[in-house]
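Values reported hereafter were calculated over all heavy atoms of this structure, with side chains retained and with hydrogens, waters and symmetry mates removed. The first residue of the sequence shown is numbered 1, and numbering continues consecutively from there.
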Amino acid sequence: MSSASFPSNSGPIKLGDLLVRQGYLTEDGLRAALEQQKKDGRGKLLGEILIDIAACSEDQIAECIASEFGVPFARLELRLCDQKVAELLPREFIENNLVMPLFSIRGVLTLAMSEPSNLFLIEEVEKLTKLRVQTVVATAKDIRRMITSLPNSKVFVIDDIIEDSKTGDVTLIEEAVEDIGDIEEVAGQSPVIRLVNYVLYNAVKEGASDIHIEPAEKCVRVRYRIDGRLYKSLEVPTTLLSALTSRIKIMAGLDISERRLPQDGRIHVMLDGRKIDLRCSTFPMARGEKTVIRVLDTRSVSLVLEDLGFSEDILAGLSQMIKAPNGIGLVTGPTGSGKSTTLYAMLNSISSMENNVCTVEDPIEYNLPLINQFQIQERVGLTFSKALRTLLRQDPDVIMVGEVRDEETARTAIQAALTGHSVLTTLHTNDACSAITRMINMGVEPYLIGAALNMVLAQRLVRRICPKCKAAYEPPRTVRKAIEKMGFAIDEFHRGVGCKNCRNTGYSGRIGVHELLILDDDIRDIVVNNPTVASVQAAALAKGMITLRQDGFRKVREGITTIEEILHITGDIRDTGETHAPATTPPAPQTTA
């Protein structure tokens with residue numbers, strides 16, 4: 001819903017004032033919503049906040065907008081939509097712009113939309129259809145429901161399917177399914193659809209990053225990955241596996257008859273008025289196909305560098321390096337360590353009308369303003385390296401490459417950096433210093449790496465202590481002694497004792513732990529001589545580089561996370577004999593030569 005001003009004879013009227021004037025909203029309710037909008041800080045519209053806090057209904061907001069613009073307000077029903085008229089507009093256009101052609105009479109197309117102020121969209125519809133457009137206002141929810149009724153719709157609405165449901169409320173099908181025809185029929189039946197909707201709805205509600213649907217010996221197990229750990233959500237009869245998998249394949253546009261080979265696809269769903277992307281992957285196992293769904297919920301992720309858990313000194317060095325006019329910046333870590341989110345936050349911090357920022361990705365996870373994003377298509381031969389070479393002819397200032405997967409992509413990225421472009425990309429390594437030897441092992445000459453590479457940021461994600469049940473405790477004596485031997489002074493340790501807010505885990509949310517390697521002239525001299533990881537690390541530590549473990553211990557000292565989380569990502573310290581110089585104060589940040 002819009003929060004813009006509406007025209008009137010006496011001047012513009014804001015949505016909140018209009019709702020108050022119509023009697024749908026009180027002055028106190030408006031003030032509360034405006035305060036919530038300021039606290040949110042993510043550009044959420046006033047109408048969305050009013051609906052969230054139940055101050056107004058979506059129908060009331062739509063009625064006010066319709067009244068102010070002098071157009072009818074319509075509650076949409078399937079009988080109002082002419083399927084042939086809906087085909088006047090491309091399906092993708094309808095889904096992306098949230099409009100619904102209803103019917104056409106004597107060259108006039110009646111179009112349902114939630115934003116009648118969008119005159120450019122109306123003009124575009126008139127150009128596409130060659131018809132004069134007459135608008136009616138409908139709620140976004142009603143328009144989405146109409147879109148899902150269209151044949152071959154790619155958007156699935158799961159609002160209102162299961163409201164605060166329990167596992168026992170879902171009706172399951174117990175009968176066995178024999179052939180492909182039966183599977184497709186059962187996959188389209190309401191109980192299976194409701195079960196899949198429940199799994200997706202619950203995953204988003206719980207803040208899961210991944211959904212695992214896997215065949216076990218006596219059941220089909222559904223698990224959610226929340227804050228980096230897998231938790232069992234529910235179990236359903238084994239006879240439902242084929243129907244569940246087929247339903248997900250239908251939603252993702254995959255081949256339901258192919259059960260011997262892995263398949264990948266994407267699903268777009270609408271939940272709570274926002275679009276959520278799901279990346280779906282199926283893999284044949286001994287007991288049947290396993291399905292893993294990655295949940296990409298942009299509302300749950302901040303793309304601001306300051307919100308990602310960087311220590312002040314690391315953030316200062318990183319902010320300096322991403323503004324470099326040329327060179328390569330690498331973000332490294334294993335799958336699921338937040339590399340893509342960090343890259344997007346970097347781009348978000350430097351994007352402007354003055355810069356041509358371009359990306360080559362697979363897939364595009366977040367859509368950013370003022371950034372030109374390109375999706376590779378390996379099926380037609382458009383790989384990272386080919387797309388990157390083409391992108392260099394698009395006059396870019398900053399280039400983001402989703403991942404360096406091979407020597408060709410690495411060489412092309414280095415050539416781009418050496419010819420005056422700033423390149424940001426990711427690499428799979430365990431720490432920052434290993435990135436250099438990894439690129440050498442790919443076949444890139446050390447002198448090219450030394451000339452082009454500016455910095456390497458390694459990162460991991462650790463769980464935050466739940467603020468609702470945080471408490472101080474005394475760790476085992478061996479742990480405290482090992483930490484003191486390394487030179488870290490931690491006076492008080494904290495952990496979560498478990499509560500309803502954190503599902504009795506003691507953790508809620510995650511934060512990044514980082515290691516930043518900045519290449520100055522001395523380290524570049526080491527790099528060009530085909531170095532080992534140890535030699536690069538020794539030079540970096542001498543320059544004041546903060547390691548993953550050191551940054552993690554600082555977050556333990558600050559009461560953000562637990563010592564167990566840091567040991568989980570860096571290894572047990574009690575038997576390593578590892579020692580460092582005293583680090584009761586943070587090391588000084590690195591500086592470039």
Check the pair Thr561 / Ile566 against side chain to side chain contact (heavy atoms under 4.5 Å, CB included), numbers first and verdict last. CA-CA 8 Å; Thr561 188; Ile566 304 306; 3.9 Å; yes

Taking [X] for its side chain and [Y] for its backbone only, find out whether a donor-acceptor pair lies under 3.5 Å.
{"X": "Arg464", "Y": "Ile560", "value": "no"}
{"X": "Asp397", "Y": "Asn356", "value": "yes"}
{"X": "Glu515", "Y": "Leu548", "value": "yes"}
{"X": "His421", "Y": "Ala416", "value": "yes"}
{"X": "Asn355", "Y": "Ile350", "value": "yes"}
{"X": "Lys290", "Y": "Pro215", "value": "no"}
{"X": "Asp551", "Y": "Val513", "value": "no"}
{"X": "Glu312", "Y": "Leu315", "value": "no"}
{"X": "Lys249", "Y": "Gln263", "value": "no"}
{"X": "Lys543", "Y": "Ala538", "value": "no"}

When you compare the side chain of [Y] with that of [X], does any pair of heavy atoms fall below 4.5 Å?
{"X": "Leu305", "Y": "Leu318", "value": "yes"}
{"X": "Leu517", "Y": "Leu457", "value": "no"}
{"X": "Thr383", "Y": "Asp406", "value": "no"}
{"X": "Lys555", "Y": "Ser311", "value": "yes"}
{"X": "Cys499", "Y": "Cys466", "value": "yes"}

Check step by step if salt bridge (charged side-chain N to carboxylate O under 4.0 Å, His left out) holds for Glu214 and Arg221. CA-CA 5 Å; Glu214 50 199 9; Arg221 187 169 49 237; 3.2 Å; yes

As a test of understanding, state which of Arg495, Arg510, Arg229 forms a salt bridge (charged side-chain N to carboxylate O under 4.0 Å, His left out) with Glu565. Arg229

Apply side chain to side chain contact (heavy atoms under 4.5 Å, CB included) to Leu388 and Val401, showing your working. CA-CA 8 Å; Leu388 182 55; Val401 183; 3.9 Å; yes

Please name all residues satisfying side-chain contact (heavy atoms from CB on, under 4.5 Å) with Pro284, sequence neighbours left out, ordered by chain then number. Pro262

Are there more than 12 heavy atoms of other residues, nucleotides or ligands under 6.0 Å from atom NE2 of His568? no

Does Arg223 CZ have over 12 foreign heavy atoms under 6.0 Å away? yes

Glu403/Thr425 under side chain to side chain donor-acceptor pair (under 3.5 Å): CA gap, chis, key distance, verdict: CA-CA 6 Å; Glu403 181 184 347; Thr425 186; over 6 Å; no

Can you confirm whether or not the ring centre of Tyr224 sits under 6.0 Å from the ring centre of Tyr231? no

Any chance the rings of Phe310 and His514 have centres within less than 6.0 Å? yes

Please lay out, stage by stage, how Glu361 and Gln373 fare under the test side chain to side chain donor-acceptor pair (under 3.5 Å). CA-CA 7 Å; Glu361 307 174 60; Gln373 297 174 269; 3.1 Å; yes

Test side chain to side chain donor-acceptor pair (under 3.5 Å) on Tyr507 and Thr562; report intermediate values, then the result. CA-CA 9 Å; Tyr507 298 97; Thr562 64; 2.8 Å; yes

Could you verify whether a donor N or O on one side chain and an acceptor N or O on the other, from Asp362 and Gln375, lie under 3.5 Å apart? yes

Any donor-acceptor N or O pair under 3.5 Å, side chains Ser422, Asn326: no

Would you give the length of the straight line joining atom [atom1] of [X] to atom [atom2] of [Y], rounded to the nearest 0.5 angstrom?
{"X": "Ile526", "Y": "Ser535", "atom1": "CD1", "atom2": "OG", "result": "6.0 Å"}
{"X": "Leu261", "Y": "Glu289", "atom1": "CG", "atom2": "CD", "result": "9.5 Å"}
{"X": "Leu347", "Y": "Leu303", "atom1": "CG", "atom2": "CG", "result": "9.5 Å"}
{"X": "Phe493", "Y": "Ile563", "atom1": "CZ", "atom2": "CD1", "result": "5.5 Å"}
{"X": "Leu382", "Y": "Thr390", "atom1": "CG", "atom2": "OG1", "result": "6.5 Å"}
{"X": "Leu254", "Y": "Thr245", "atom1": "CG", "atom2": "OG1", "result": "11.0 Å"}

Applying salt bridge (charged side-chain N to carboxylate O under 4.0 Å, His left out) to Arg480 and Glu474, what does each step give before you reach the verdict? CA-CA 9 Å; Arg480 183 177 282 279; Glu474 182 62 30; 2.8 Å; yes

salt_bridge([X], [Y]) N-O dist < 4.0 Å:
{"X": "Asp227", "Y": "Arg463", "result": "no"}
{"X": "Glu558", "Y": "Arg554", "result": "no"}
{"X": "Arg524", "Y": "Asp520", "result": "no"}

Ring pair (Phe, Tyr, Trp, His ring centres under 6.0 Å) pairs touching residues 311-359, sequence neighbours excluded, are Tyr344-Tyr366

Apply side chain to side chain contact (heavy atoms under 4.5 Å, CB included) to residues Ile436 and Val533 and explain how you reach the verdict. CA-CA 8 Å; Ile436 294 171; Val533 175; over 6 Å; no

Going through the distances and angles, do Lys339 and His428 end up as a side chain to side chain contact (heavy atoms under 4.5 Å, CB included)? CA-CA 10 Å; Lys339 299 188 299 298; His428 288 275; 3.6 Å; yes

Testing Thr332, Thr341, Thr342 one by one against Gln459 for a side chain to side chain donor-acceptor pair (under 3.5 Å), which residue passes? Thr342

Out of Ile449, Thr437, Leu427, Thr409, which residue meets the side chain to side chain contact (heavy atoms under 4.5 Å, CB included) rule with Met442? Leu427

By ring-ring contact (aromatic ring centres under 6.0 Å, His included), which residues pair with Phe384, not counting sequence neighbours? none

